[in-house]
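The structure appears right after this line, and notes come after that.
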Amino acid sequence: MQITADDGRIVALQGDITRLDVDVIVNAANGSLLGGSGVDGAIHRAAGRELYEECRTLGGCLTGDAKMTQGYRLPAANIIHTVGPVWRGGHDGEDVLLASCYSKSLALAAGVSASTIAFPAISCGVYRFPVLQATQLAISTVRRWQASHDAPHTVFFCCFTSEVWAAYEQLLA
Ligand code: APR
């Protein structure tokens, strides 16, 4: 199932991000960039050992920042690894940091002229960010980017849980 916004530049869909045939997928990583659980674990398993080897050369990543690697065994040519904020109640800059994850990832994707990019629900798992708030931020940050940039043309929000899917369904319908 999927929902496409009127202008065709935002699509929400259900599924496993490692299987999507897009130019770039985004990983919800941690500061070490050396793998973890959740979507991070799934991406490292699917991409293979070479991804870990490249990540070891990157020197980690700050919260709110993003770094790019090759996609290795994934259909996607590149992976952008971003580090979302841990939810600490909302008074610790979480909104700004999460928005930064989306905008920095979009800028990196534009830098390789990506036409399509897929995001997981950054910070909505282990990092406990409230799902509806994160979803609103994701959509508004992407819309702000798209208002002044042609690339990436289409942004996919890949929903793995029914809660995340319900939030996108509510906001995009
Ligand atoms: N495809 C798409 N989304 C997925 C997949 C997948 N294969 N697997 C999990 N998800 C979803 C989760 O259900 C959640 O909605 O990704 C969202 C983000 O959850 P996490 O992966 O837990 O990421 P996050 O909350 O940002 O926490 C990051 O978790 O795995 C570790 O190394 C990572 O320490 C870091 C932390």
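Whatever order the structure lists ligands and atoms in, that order sets their numbers, starting from 1. Since the structure is predicted, the reported quantities are computational estimates derived from the model, not experimental observations.
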Quiz item: Between CZ of Phe129 and CG of Leu137, what distance do you get to the nearest 0.5 Å?
Solution: 5.5 Å

Quiz item: Does any N or O atom in Val39 lie less than 3.5 angstrom from one in ligand 1, N or O only?
Solution: yes

Exercise. Please work out which of Ser123, Gly31, Gly84 has its closest non-hydrogen atom nearest to atom 26 (O) of ligand 1.
Key: Ser123

Quiz prompt | Asn27: which of Asp40, Thr82, Thr18 passes side chain to side chain donor-acceptor pair (under 3.5 Å) | solution = Asp40

Quiz prompt | Heavy-atom pair of closest approach, residues Leu74 and Ala46 | solution = CD2-CB, 3.5 Å

Practice problem: Give the numbers and elements of all ligand 1 atoms closer than 4.0 Å to a heavy atom of Ala121. | Solution: 15 (O), 17 (C), 18 (C)

Practice problem: Examine the proximity of ligand 1 to Ala42 and report which part, side chain or backbone, both or neither, has a heavy atom under 4.0 Å away. | Solution: side chain

Quiz item: Does Ala29 reach ligand 1 with a nitrogen or oxygen that is under 3.5 Å from one of the ligand's nitrogen or oxygen atoms?
Solution: no

Practice problem: Tell me, please, which residues at least two apart from His153 pass side-chain contact (heavy atoms from CB on, under 4.5 Å). | Solution: Arg9, Ser115

Quiz item: Hey, would you say the Phe119 and Tyr102 ring centroids sit under 6.0 Å apart?
Solution: yes

Self-check item: Protein contact of atom 7 (N) of ligand 1 - nearest heavy atom, named by residue and atom, plus distance
Solution: Asp16 OD1, 2.9 Å

Quiz prompt | Counterpart residues, side chain to side chain donor-acceptor pair (under 3.5 Å), relative to Arg19 (two or more places apart) | solution = none

Exercise. Report yes or no: do Asp7 and Gln146 form a side-chain donor-acceptor pair below 3.5 Å?
Key: no

Quiz item: Going by heavy atoms, is Thr161 under 4.0 Å from ligand 1?
Solution: yes

Quiz item: Do any heavy atoms of Cys124 fall under 4.0 Å from ligand 1?
Solution: yes

Quiz item: Would you call Gly41 a ligand 1 contact, heavy-atom distance under 4.0 Å?
Solution: no

Quiz item: Is any N or O atom of Asp40, backbone or side chain, closer than 3.5 Å to an N or O atom of ligand 1?
Solution: yes

Quiz item: Considering distance alone, does some N or O of Val126 sit under 3.5 Å from an N or O of ligand 1?
Solution: yes

Quiz item: Would you call the rings of Tyr52 and His44 parallel, tilted or perpendicular, where under 30° means parallel and over 60° means perpendicular?
Solution: perpendicular

Quiz item: Short N/O distance, under 3.5 Å, between Thr18 and ligand 1?
Solution: no

Quiz prompt | For atom 12 (C) of ligand 1, the option (of Trp87, Trp165, Phe160) bearing the nearest heavy atom | solution = Phe160

